[in-house]
Every structure is written in structure tokens, then in C-alpha cells.
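Numbers restart at 1 for each chain; the letters A, B, ... are given by sequence-line order, proteins then strands.
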Protein chains: 2
Amino acid sequence: MLFSGLPTRQESKGDVQRLSSSDLVMHFFGQQTLQSYRAHETILNQGDCTGYVFILVRGWTERRLGLPDGRCQTLSFGMPGDLYCTDLRARAPVNYTVSTITPVTIAIVGKLEFRAVLTGNPSLSRAFWREQQASLAIQQRWTGMLGLLGATEKVAHLFCEIYKRQEHRGGTRDGACVFPMTQTQIARACGLTQVHTNRTIQDLRRRGLIALRSRRLVVSDFEALARLAQYDCGYLDGENAPTKAACATV
Amino acid sequence: MLFSGLPTRQESKGDVQRLSSSDLVMHFFGQQTLQSYRAHETILNQGDCTGYVFILVRGWTERRLGLPDGRCQTLSFGMPGDLYCTDLRARAPVNYTVSTITPVTIAIVGKLEFRAVLTGNPSLSRAFWREQQASLAIQQRWTGMLGLLGATEKVAHLFCEIYKRQEHRGGTRDGACVFPMTQTQIARACGLTQVHTNRTIQDLRRRGLIALRSRRLVVSDFEALARLAQYDCGYLDGENAPTKAACATV
DNA sequence: GCGTGCCATTAACATAGGTTGGATATGCAA
DNA sequence: TTGCATATCCAACCTATGTTAATGGCACGC
């Protein structure tokens, strides 16, 4: 999911309606098996069937779709709190490859156990349904962005998204946040070449919209960046109505 | 959903595991309110909040994402059996606009009623979860296609998808099926201009891969078309493992 | 049967972004 | 400190796709 980690707020455990799915998993499943990976390792291969749901506990991941001819496209970046393999059928193959960008730790829960707990907890089910809805909304948004935006707008959009995701988790300070992706990885996410991504980033820098070095992103004027990227936060929390953008042509 | 209508098979009503969601809705909710629309009408506006889930019973629809500046991108085409507004929170806004391509009839179910029935039916819940997973997989696939493919491949991919969706419902004969979308609508789905879409379609025609006239698509050699489009049926049914496409770069 | 309007088709021209290949920088390991 | 690998940056060139604008065809209503 491009933005699965909904706002992590300080709440009582009882307020299930507002907890994020990863919180819920921790809450309901207690101790899980943990696994660690180094940077640039593959966690899951397109086509793999696994009997587990897993939760990203530490680090950043990249979810990619590969084509028969070898090209590949990044579908989303993962950060702590994101869930993978939520198709609960025992032998459901995954349609994407997940690999690590930084060192990563994941927690694993068996699908059987997962299903059993879900069945007994309507509120947990609802929370997962919601999260799933959010994932779909985000993927739809990203589909739109890839189809509609120019290179600069796409890259700016990605910066907005990564920044906001971290802001919601309290991961920003003075307009700065972590940004571990290389230009090549940004390029794969935006459907551009690495070379053009570089041109684009420099353009954004020249315009004073961002600063990016040593895995650190600084956004001094978020509004301006969002305007350029046509970035609309609405779709993230799903509570606020998104911009009613009229669509002229029918 | 680009391919929400999973194969419609002849099964006993009891075999819930294999029924499609729309079948299930019909099964569990019986009589619904029906509404009809003419071609080129808008059913739902981006930002609307509605208390209903609805099922496309007759006709074709287009789901679009609009941008503040007026541009818009088609996220998926809908055909009978597809569901909309599956976010079951009472006041969840939709992130897209749905409008009709042909005359359309939809069936409507109140979200409250929907939730109540879901809660009492774990198997129904599971079926919906599955469908939701499928939608996400399809949207991911489409994200990848928009990012990776060239114009000809994209258009070919769309033809493959529409053809296969209808084949699964028994809607094809001798390699032909209905195709009600205009070139402008195809263009919006593929992130291309109408002019270039036209060039592309003529190219596909010249190569003998498709015939397209008077809302009718003929695919004489599906394999060849699929090869060009890098189209992989795997992701549709979710049972077969998708092609294990190695992704060279990590 | 004749307009009216949408849709498909062409052509000429403009440009965003891809490709190649190589030069610097930066970080990590020995 | 040196060396190697990875990442960034740069320039010259090329091509796919966008833009604009005009024409022809077909379907539908009058």
C-alpha cells in the first residue's frame, strides 16, 4: 500500500474503530515470529504462495510488479505498520515481489490463526476491511497519477506522499523526514528513467521546493509542492471528502 | 474493478466459496431497488457520500479520477456484476466518478442492511474479502501497465482484458465480443491522447491482431495479442500462480 | 432526405522523456 | 588510506507521444 499506515494516534486499546491494522495485529496476536533482512534482499517473490500474513515492523520495502520481458514497476513503498499477503486463502500466490530498501524486520502470523481470530471479531474484520479499502483507494490514486501527470508532477507527488505518511506517524521535524529511496528506485515508482528522474529532482531543487541529500528529504513549503503535484490528502484518511474535482469531458 | 466479475459458473447456491459477489448479493438480498440511466450520465460524483452499495446489473460504466485542474483518468471499466461503493462506513466519500457508457441498470442495497447480513455470514464476508483482494490485484496490475508499457502495448492490454472478462462470462463467440468504448474513452483509460490512440489501433489492425468496428471487437489470435501486451491472465482468477517474472534489477 | 453532432481519421509540427556513455561524488570495507 | 561499489550528475542525441486543426463518415432525429 502506498499509504496503509493510517494515523497512529494515542488511544485506548478498546477503541477498535480507530486503531490501525498493524496495531490490531499486535493487540490480538501478541507474540509473533520475527524475521530480519538486510538491505537489498528479497522477502517475497512474485508467484510465491505463503501461508502467512506479515507486518513490516522496521525498515522500508519496495513492492514491484515484474513483466515477462524483465521490466518492472514499483507499485508501492512500505514502511513500518504496513501489511502484506492479506489474501487469506491458504495457497494464494502473491502478484508482486517485495524486497528491502533498508534493513528490515517483519512479524509473521499464520493465515489459519489469522482467519480464526477474524471470524470471532467483527470489529477486527471491519478494521481490516477498512484498511483494504484504503489500499485500493491509494492504488487507484496512483494509477491516476501515472496516467495523468508529467514527470515533475509525478516525482513531486511521491515526495508529498512519503512526507505525509511520515508526518501522520510523527516522523517529521521542521519539514524534514527520512527518505531512503535512491533515484533509481524513485524512477521505478514513477515510471521514468533514472536519468530523467535526476533532471526532475534538480528542477524541483532549483525551484526551491525540496532539498534531498543523504537519505533526507526537506520540504520547506508543502503547500506549493502539493499544488504542483495536484496532491490531495483527502484520499488518505478516507474521512474527509476528497476534492470535488469536476471532470469536464464525459 | 477492472476485472471484478470472476468466472460465472453454474453452481449450487450452497457453494458459497465459488460464487461471485454479485451472485451473493442477489442470493442474500433478494429484491433490491433498481435504477436505470441512459448513456453518458453520471451515476456517482467524486466526493459524494452515499449510504448504498450498488451492483451493476446491465450496461457498461467508466470509473474516473478527476484532478483539480480538470484532467481525468479512467481507473476501470465496469460491466454487469461489478460492485461499487463497497466501503461500508455510512458516510464514506467515493474517490472517483462513475458514469455510464451505455444505458445502465443498477441495483441498490443499503449499507446498514449490507453490514448486518455480512456480520451473520462469515462465508459471505470471506467472499467479499476475496473480491476486494481481486480488485486490488487488478488495480495493481493496471498501475504497472501504465508505468511500464508503451502505447501499443497498453491499448493491446486493454483489449485483452475486456475480451477475457467477457469470455469468462460466456460473452464471446468466434473470437468476437462487444466493445462499446469510443477511442476517446480508450485513450482516457490508457493515459494517451485520442489521436495517438487512433494511430495505435490502426497499427494493431494493420498487424492483423484485432478488428474493431461498430462497437465490436474481434481478436483472431489472442495469444499473439497477449504476447505483445505482456498480458498475463494469472492475476484474474487468483488461483493459478502468476508468471514468475524475474525482476533483474533490485 | 437532410441537417447536426459525435466519432474516426489524417497531417504537420512541437516536445517530453528515453538512450547511451561517461564523469564525479559518496560511502563502505579492507 | 586506498580501493571498490553504488549513486549522482551531465551532455548529445533520438523517438514516442502530444498538440492543433481540419476532413470525412456514420447514426439519429426531424
From Leu148(B), Ile186(B), Leu192(B), residue fulfilling side-chain contact (heavy atoms from CB on, under 4.5 Å) relative to Lys154(B): Leu192(B)
For Arg205(A), salt bridge (charged side-chain N to carboxylate O under 4.0 Å, His left out) partners two or more places apart: none
Per-nucleotide protein contact string for nucleotides 13-30 of chain C, where B marks a base within reach and S marks sugar-phosphate only (heavy atoms under 4.0 Å, - for neither): ----BBBB----------
All side-chain hydrogen bond (donor to acceptor under 3.5 Å, both in side chains) counterparts of Thr143(A), not counting sequence neighbours: Gln139(B), Thr143(B)
Sequence-distant partners of Arg173(A), salt bridge (charged side-chain N to carboxylate O under 4.0 Å, His left out), two or more places apart: none
dA8(C) OP1/OP2 closer than 4.0 Å to side-chain N/O of Asn198(B): no
Test salt bridge (charged side-chain N to carboxylate O under 4.0 Å, His left out) applied to Arg71(A) and Glu153(B), step by step: CA-CA 13 Å; Arg71(A) 281 179 286 177; Glu153(B) 295 164 302; 2.8 Å; yes
Distance (rounded to the nearest 0.5 Å) between Phe77(A) CZ and Glu161(A) CD: 9.0 Å
Under-4.0 Å side-chain N/O to phosphate OP1/OP2 contact, Arg215(B) with dA8(C): yes
Gln202(A) side chain near dC10(D) phosphate (N/O to OP1/OP2, under 4.0 Å): yes
Under the salt bridge (charged side-chain N to carboxylate O under 4.0 Å, His left out) test, residues paired with Asp203(A) that sit two or more places apart: Arg206(A), Arg207(A)
Angle of first-five versus last-five pair axes in the helix from dG1(C)-dC30(D) to dA30(C)-dT1(D), to 10 degrees: 40°
